[in-house]
Amino acid sequence: MLTTTSFDEKKMLELCEKLIAVEEERLAGKRGVSVDELDRYLDTVIEDG
């Protein structure tokens, strides 16, 4: 059974691993999208939906 502290530490570690993976992809040249680009895309999808 996880304590609240253990759970928080586990979640922080998972987040850290995800952020490291994203940074490695960025450094390797993989292109992502900005928050603004995503927002515009989602607005378009919603309007067309």
Connected hydrophobic set around Leu38, excluding itself, where side chains approach under 4.5 Å: Val33, Tyr41, Leu42, Val45
Contacts of Ser6 that satisfy side chain to side chain contact (heavy atoms under 4.5 Å, CB included) - sequence neighbours left out: Leu2, Thr3
Sequence neighbours left out, cut at 3.5 Å: what donor-acceptor pairs do the side chains of residues 22-32 make with other protein atoms?
residue: Glu23; atom: OE1; partner: Arg26; partner atom: NE; Å: 3.0
residue: Glu23; atom: OE2; partner: Arg26; partner atom: NE; Å: 3.4
residue: Glu23; atom: OE2; partner: Arg26; partner atom: NH2; Å: 2.6
residue: Arg31; atom: NH2; partner: Glu37; partner atom: OE2; Å: 3.2

Sequence neighbours excluded and cut-off under 3.5 Å, please list the side-chain donor-acceptor pairs for residues 7-14, or say none.
residue: Lys10; atom: NZ; partner: Glu14; partner atom: OE2; Å: 3.0

Under the side chain to side chain contact (heavy atoms under 4.5 Å, CB included) test, residues paired with Asp48 that sit two or more places apart: Thr44
ILVMFWY cluster membership beyond Leu19 - transitive side-chain contacts under 4.5 angstrom: Leu15
